[in-house]
Amino acid sequence: MSPTFRAFKVRNFRLYASGAIVSNVGTWMQRVAQDWLVLELTHSGTALGIVTGLQFLPALLLGPYAGLVADRLPKRTVLTCTQIAMASVALVLGSLTIAGVVQPWHVYLLALLFGVGTAFDAPTRQSFVVEMVGRDELSNAVGLNSASFNAARLLGPALAGLLINWIGTGPVILINGFTYAAVILSLRLMRVHELHTPAPAGREKGMIRDGMRYLWRRPDLMMVLVAVFFAGTFGLNFQLTSALMATQVFDKGAGEYGILGSVLAIGSLSGALLAARRVRIRARLVIGAALAFGAFEIISAVMPTYLTFAVVLPLVGLASLTMLTSANATMQLSIEPSMRGRVMALYMTVLMGGSPLGSPFIGWVGQEFGARYTLIVGGGLTVLGTVGSVLYFSRRRGLAIRPRLLPRPRLEVLPQTELLGEKAVVDAGPQTEVVGLKSEPLDDTKELGPRVA
């Protein structure tokens with residue numbers, strides 16, 4: 001089997017991936033249809049930002065508790081419940097739209113309820129991957145999951161744009177409600193005895209606080225989290241920014257808007273497939289990709305035509321997926337199995353929980369200053385936040401960041417104490433390039449986690 005697809009040798013992962021691709025296509029169809037519905041009802045970029053924010057608000061409020069649920073309960077059971085919940089929301093919204101009685105407040109409320117399901121689904125799904133494939137194939141499985149998601153992103157928006165023109169937004173949303181059955185079926189068909197299931201976490205006081213404390217004592221992971229926060233809050237608002245660019249700047253319709261999502265997914269899919277081939281995961285890759293993502297987003301904002309804007313979008317997608325897949329694998333490979341649910345919940349809270357603040361803000365920027373500024377401000381804040389994260393954790397939390405030009409341009413990330421023996425670090429060679437592939441116990445006396453680069 002090709003190294004790019006080696007995780008598919010695991011039967012449970014094959015089942016999961018087959019169900020996920022069907023559901024992901026439906027999810028992207030609903031995202032486009034829901035955004036178009038909001039624009040039809042309100043003609044407001046701010047309203048679109050509010051819907052996006054409400055959909056991610058539960059991740060901010062419930063994320064830590066969702067991680068605790070993922071550590072305590074069987075993940076297959078949790079995922080089955082979340083799929084049923086999200087399917088129910090989609091079916092209700094689709095039915096209201098078809099009946100012609102849908103109002104903006106309906107969309108707001110159902111987006112919030114959908115977000116509750118997503119808040120519990122995301123950390124459980126992220127931490128379930130390693131149970132299906134084991135640690136050796138985790139980075140490959142994360143890349144393939146992202147490839148599946150972005151293959152759906154390539155097909156879903158374009159299909160949604162066509163179907164909205166043919167049958168309307170309601171039926172498109174309704175279709176998504178039925179696609180969740182594919183994931184539920186794949187979960188039921190899995191062989192439980194082949195899962196790498198850790199012992200469930202016991203009931204103790206302060207378990208959520210323990211997860212937060214664990215992360216704070218890992219400056220290498222905190223640096224990644226801060227960069228992901230700025231990108232997720234201000235930069236990763238494609239459904240909002242693309243809709244505004246398509247309608248306000250280039251005066252296009254639903255079909256052209258859907259095509260932009262598919263074009264963006266070309267780069268995202270490429271980034272995911274490249275990530276699936278990587279064996280070693282480097283923290284410097286997260287930082288470099290975050291900076292590139294912010295820069296490409298700013299460049300896309302100044303493109304003069306619809307065509308040139310579409311040409312730049314694959315680069316935006318490539319950089320964003322490289323950042324997200326490397327950040328995800330870095331987090332999962334560097335933490336205790338018993339902490340995985342809580343830590344990944346905090347990661348997803350950071351990634352998704354900023355949207356209730358960022359999306360309305362970016363929507364307001366678009367309404368007050370124009371659609372192009374949604375990308376300029378989002379990309380600029382991503383770059384500034386990433387640079388600030390590197391500076392803070394390199395100077396205040398015991399890490400040193402150094403550029404290297406030879407044998408190839410790169411960044412080295414290592415404990416500052418190792419700078420005292422610089423020759424030893426140089427001689428160490430590949431040791432400075434591996435992100436912590438061993439989990440470490442929570443130790444109050446140990447400030448730094450595994451050596452990263």
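Here, residue 1 is the first one in the sequence, and each next residue gets the next number.
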> Quick one: does T386's side chain get under 4.5 Å of F293's, heavy atoms only?
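They are not in contact (no side-chain heavy atoms under 4.5 Å apart), so the answer is no.
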> Are any non-hydrogen side-chain atoms of E297 and F238 less than 4.5 angstrom apart?
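Result yes, sub-4.5 Å side-chain heavy-atom pair found.
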> Can you give me the closest heavy-atom contact between V263 and A310, atom names plus distance?
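Taking V263 first and A310 second, the nearest heavy atoms are CG1-O, 3.0 Å.
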> So how far is it from N176 CG to Q34 CD, rounded to the nearest 0.5 Å?
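Rounded to the nearest 0.5 Å, the CG-CD separation comes to 10.0 Å.
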> Taking A20's backbone N and O only, do any of them form a donor-acceptor pair with S23's side chain (distance below 3.5 Å, no angle check)?
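No.
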> Tell me the side chain to side chain donor-acceptor pair (under 3.5 Å) pairs involving residues 76-91, sequence neighbours left out?
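Every side chain to side chain donor-acceptor pair (under 3.5 Å) pair that includes a residue of residues 76-91, provided the two are not neighbours, is T80-R188, T82-D121, Q83-D121.
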> Considering non-hydrogen atoms only, spot the tightest contact between A87 and G177 and give its length.
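Scanning both residues, the minimum pair turns out to be CB-O, 3.4 Å.
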> Provide the closest heavy-atom pair for F296 versus V312 in the form atom of the first, atom of the second, distance.
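Nearest heavy atoms, F296 then V312: O-CG1, 3.9 Å.
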> Is a side-chain donor or acceptor of S389 paired with a backbone partner of G385 at a separation under 3.5 angstrom?
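Answer holds: no.
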> Does R191 offer a backbone N or O that forms a donor-acceptor pair with the side chain of N12 under 3.5 Å?
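Side chain of N12 to backbone of R191: a pair is present.
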> About how many Å separate CZ of R31 and CD1 of I173, when rounded to the nearest 0.5 Å?
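If I round to the nearest 0.5 Å, the distance is 13.5 Å.
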> Is any side-chain heavy atom of Y180 closer than 4.5 Å to one of I84?
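Not in contact.
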> Looking only at heavy atoms, which two atoms of P123 and A66 are closest? And how far apart?
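Looking at all heavy atoms of both residues, the closest pair is CG-CB, 3.9 Å.
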> Quick one: side chains of residues 93-103, donor-acceptor pairs under 3.5 Å with protein atoms, not counting sequence neighbours, listed by atom name and distance.
| residue | atom | partner | partner atom | Å |
| --- | --- | --- | --- | --- |
| S95 | OG | L91 | O | 2.7 |
| T97 | OG1 | L93 | O | 2.8 |

> Ignoring hydrogens and angles, tell me if any N or O in the side chain of K75 forms a donor-acceptor pair with the backbone of S127 under 3.5 Å.
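No; zero donor-acceptor contacts below 3.5 Å.
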> With side chains defined as the heavy atoms from C-beta onward, is the minimum distance between T118 and P58 less than 4.5 Å?
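Sidechains of P58 and T118: no contact.
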> Got a salt bridge between R11 and E194, using NZ or NE/NH1/NH2 to carboxylate O under 4.0 Å?
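Result for this pair is no, no salt bridge flagged.
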> Can V377 and F234 be said to form a side chain to side chain contact (heavy atoms under 4.5 Å, CB included), step by step?
CA-CA 8 Å; V377 172; F234 302 109; 5.8 Å; no
> Where do W36 and V172 land on the side chain to side chain contact (heavy atoms under 4.5 Å, CB included) test, with the steps shown first?
CA-CA 11 Å; W36 202 253; V172 173; over 6 Å; no
> Do V69 and Y65 make a side-chain contact, defined as non-hydrogen atoms from C-beta onward lying under 4.5 Å apart?
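With C-beta onward as the side chain, the pair stays apart.
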> Go through it in stages, so that I can follow the logic: the residues are Q55 and L112, the test is side chain to side chain contact (heavy atoms under 4.5 Å, CB included), and I'd like the CA-CA distance, side-chain angles, deciding distance and then a yes or no.
CA-CA 5 Å; Q55 192 162 311; L112 182 65; over 6 Å; no
> Using side chain to side chain contact (heavy atoms under 4.5 Å, CB included), reason through F230 and V350 one step at a time and then give a plain yes or no.
CA-CA 9 Å; F230 276 91; V350 166; over 6 Å; no
> What's the shortest heavy-atom distance between A141 and V129, and which atoms?
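Shortest heavy-atom separation between A141 and V129 comes out as CB-CG1, 3.6 Å.
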> For a 4.5 angstrom cut-off between non-hydrogen side-chain atoms, does P104 reach V38?
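The answer is no; the side chains never approach within 4.5 Å.
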> How many angstroms lie between CG in N145 and CD1 in I21, if you round to the nearest 0.5 Å?
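If we round to the nearest 0.5 Å, N145:CG and I21:CD1 are 10.0 Å apart.
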> Could you state the interatomic distance from CD (E40) to OG1 (T169), rounded to the nearest 0.5 Å?
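If I round to the nearest 0.5 Å, the distance is 5.5 Å.
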> Using side-chain heavy atoms (C-beta onward) and a distance below 4.5 Å, is V226 in contact with Y392?
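When only atoms from C-beta onward are counted, Y392 and V226 do not touch, as no gap falls below 4.5 Å.
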> Drop me the distance from R72's CZ to L68's CG, to the nearest 0.5 angstrom.
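So the CZ of R72 and the CG of L68 are separated by 4.0 Å.
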> Examine the side chains of T27 and N24 and answer whether a donor and an acceptor come within less than 3.5 Å of each other.
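N24 and T27 do not have a side-chain donor-acceptor pair below 3.5 Å.
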> Hey, could you give me the OG1/CG distance between T382 and L291, rounded to the nearest 0.5 Å?
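Reported value, rounded in 0.5 Å steps: 9.5 Å.
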> So do the side chains of L240 and T374 get within less than 4.5 Å of each other, counting heavy atoms only?
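When only atoms from C-beta onward are counted, T374 and L240 do not touch, as no gap falls below 4.5 Å.
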> Check F8 against A17 and note the closest heavy-atom contact, atom names and distance.
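Nearest heavy atoms, F8 then A17: CE2-CB, 3.7 Å.
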> Short question: side chain of N237, backbone of T233 - any donor-acceptor pair under 3.5 Å?
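Pair found, side chain donor or acceptor close to backbone of T233.
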